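Comments concern the structure below.
Owing to the predicted nature of the structure, the values given are computational and were not obtained by experimental measurement.
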Amino acid sequence: MKRCAFILIIFLAMTAAVSAQTARPRLAVLPFTGTAGNDGETIAMLLGNQSGLQSAFTVVPRTSNVDAIMREQEFQRSGLTDSDTIAQLGRQMNAEYVVAGHVQQLGRSRLVFISIIHVESLQQIAGDYKDYTEISEIRAYLPDMVQKIVAASRQNTSRLPKLAIVPFNRMTSGINERDAEVLTHILSIDIANSGRYAVLPRTSTIQRVFDEHEIQRTGTTDPNTIRRIGIATNAQFVLAGNITSLGNMNLFLAQILNVESGALLIGGDEEYREISDGLSKMQTLARTLTGTSAVVPSAAVQAGFVRIQGGTYTRGSPADEPNRNANAETPQHQVTVSAFTMSQYLVTQREWFEVMGTTVRQQRDRVSVSSEMRGEGDEYPIYYVSWFEAVEYCNRRSTREGLTPAYTVSGTNVTWNRSANGYRLPTEAEWEYACRAGTITAYSTGNSITTSQANFNSLFNSTLNRTSAVGSYTPNAWGLYDMHGNVWEWCWDWYGSYPSRAQNDPDGASSGSGRVLRGGSWDHSAAYVRSAHRNNSTPTVRNIFNGFRVVRP
């Protein structure tokens with residue numbers, strides 16, 4: 001009997017081990033490419049043997065078929081990144097993820113690049129690179145690389161906007177094609193690591209588009225070319241860059257463009273002295289292009305929130321912005337805001353019920369006239385909420401979580417305690433700064449927006465005609481969802497005219513009849529969901545259009 005029990009225990013242990021192995025995602029470490037002797041092959045073998053990698057993945061062994069496929073492919077000199085090859089190798093090895101690497105010189109530096117790619121979506125979800133002199137340096141650094149690979153595999157990138165990256169255009173004789181490719185590779189890794197875009201692996205399709213079209217020597221910014229690249233790669237955005245010289249100044253220039261409109265979303269530049277400066281300059285350029293220079297990652301930031309670093313931006317709309325409301329959105333002026341923490345999502349019906357104890361239907365029943373329901377569920381935004389109720393929610397949630405309430409309420413008089421650490425409504429200045437996420441265009445998506453990017457009422461695209469679950473659309477560059485559309489968002493400020501002078505942490509007019517609403521709703525046109533558009537309403541109003549999100553200091 002004891003022997004049977006012992007055998008049963010052994011059997012169950014083996015079954016559990018097999019199940020755990022099966023549950024882990026399958027990862028293939030491909031042979032590294034490059035020109036530095038056997039370095040790439042050695043680094044690939046060392047990486048595959050890392051215990052951290054083996055505990056998080058089922059590492060798929062290489063076969064002779066893999067080596068044959070690699071010999072048949074034509075590779076970019078900056079590494080194995082062609083999407084067709086990745087897909088073929090992933091299927092061959094029955095792997096969910098592929099790690100591809102490359103060893104290359106950049107000026108006087110010898111670099112190793114590592115990228116992890118999700119096979120099904122063909123997205124480069126993260127990567128790493130390091131300059132080195134001896135293999136022993138890389139061996140010591142591999143555990144850090146493994147941590148990045150494991151963390152990246154646990155991220156959900158399915159909702160991130162897809163970005164195709166075009167190789168840098170060389171406009172100076174001092175840079176060769178190989179160096180331009182290496183810099184492009186570095187930038188793509190830094191963009192992927194930002195978590196703001198799903199970066200697509202380099203593909204021969206882009207080169208074919210180049211061959212078919214005459215590219216301006218000032219850069220790949222022709223809207224038709226951008227559109228063709230986007231369509232060919234199934235990308236929503238395209239990043240194109242130049243390496244150029246102006247007098248004695250050398251520059252790396254890069255822009256992210258909207259595929260649908262061809263419009264500039266955001267651009268940046270970095271001055272350099274020699275090509276090896278690209279190691280640090282690409283990191284800085286990536287932070288500018290993704291807006292992560294204004295987002296502070298920290299383990300102390302609670303789940304569902306983003307820490308926004310303070311900064312200065314231009315508030316209002318320029319004279320050439322279509323559908324602007326000049327009376328409300330001018331004069332344009334500089335605004336500086338301090339750092340704050342903002343919820344990534346609108347307050348949901350579940351969160352509202354947990355704090356306030358009422359459902360959205362009960363909120364509707366408080367409205368004196370017969371009213372409709374326009375979206376119902378735990379993850380849908382709360383609506384039929386007045387400004388005063390949003391303030392009350394902030395205070396109650398703060399008290400529940402042991403924080404100091406931000407507001408003191410006496411009848412209809414509400415004062416804001418700026419030193420409190422509790423939840424509050426964003427100021428109008430904070431809201432627009434966060435909505436723009438570093439952009440200067442009409443929308444955070446560029447100078448146009450579609451119903452595939454936000455929930456609003458369009459005559460030209462399909463319209464939901466109701467609210468949508470929070471997070472149903474891709475976030476802006478700072479990780480904030482539904483800043484355009486879904487429901488209007490209450491802000492702290494009384495509505496008033498803009499000043500012409502620069503301001504620091506403005507909080508609106510001293511009094512008024514309406515509190516500011518921002519962002520537009522499911523029932524409003526694209527003109528109303530622009531970053532600069534302003535609305536206001538009596539703070540006691542409840543309707544099917546208005547909701548809110550919260551911030552903390």
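Ring planes of Tyr443 and His484: perpendicular class, angle over 60° (limits at 30 and 60°).
Other residues, nucleotides and ligands contribute at most 12 non-hydrogen atoms within 6.0 Å of the CD1 atom of Ile440. In this structure, Arg139 places its CZ atom where only 12 or fewer heavy-atom neighbours from other residues, nucleotides or ligands lie under 6.0 Å away. Dense packing is recorded around CZ of Phe237, with more than 12 heavy atoms of other residues, nucleotides or ligands lying under 6.0 Å away.
In terms of modelled atom types and a separation under 3.5 Å, the side chain of Arg324 and the main chain of Ser317 share a donor-acceptor contact. Looking at Tyr313, its side chain does come within 3.5 Å of a backbone N or O of Ala429 through a donor-acceptor pair. The main-chain N or O of Met342 is never found under 3.5 Å from a side-chain atom of Arg307 such that the two would form a donor-acceptor pair. Side-chain N or O atoms of Asn476 include one that pairs as donor or acceptor with a backbone N or O of Leu480 at under 3.5 Å. The closest donor-acceptor contact from the side chain of Arg518 to the backbone of Ser531 lies under 3.5 Å. Side chain of Gln344 to main chain of Tyr481: no donor-acceptor pair is present (N/O by atom type, distance under 3.5 Å, no hydrogens or angles).
Counting only N and O atoms by type, the side chains of Ser468 and Asn455 include a donor and acceptor under 3.5 Å apart. Defined by atom type and a distance below 3.5 Å, a donor-acceptor pair is present between the side-chain atoms of His524 and Ser521. Residues Arg549 and Ser343 have side chains that never bring a donor and an acceptor to within less than 3.5 angstrom of each other. No donor-acceptor contact under 3.5 angstrom links the side chains of Thr441 and Asn447, judged on distance only.
Residues passing the side-chain hydrogen bond (donor to acceptor under 3.5 Å, both in side chains) test with Ser525, sequence neighbours excluded: none. Scanning for side-chain contact (heavy atoms from CB on, under 4.5 Å) contacts around Asp269 gives Leu251, Leu253, with sequence neighbours left out. Listed by chain and residue number, nothing satisfies the side-chain hydrogen bond (donor to acceptor under 3.5 Å, both in side chains) test with Trp478 (two or more places apart in sequence, or in another chain).
Each of His333, Gln334, Gln332, Glu329 was evaluated against Arg315; a single residue qualifies, His333, per the side-chain hydrogen bond (donor to acceptor under 3.5 Å, both in side chains) test.
The shortest non-hydrogen separation linking Gly479 to Pro475 is C-CB, 3.7 Å.
At least one side-chain heavy atom of Leu183 sits under 4.5 Å from a side-chain heavy atom of Ile243.
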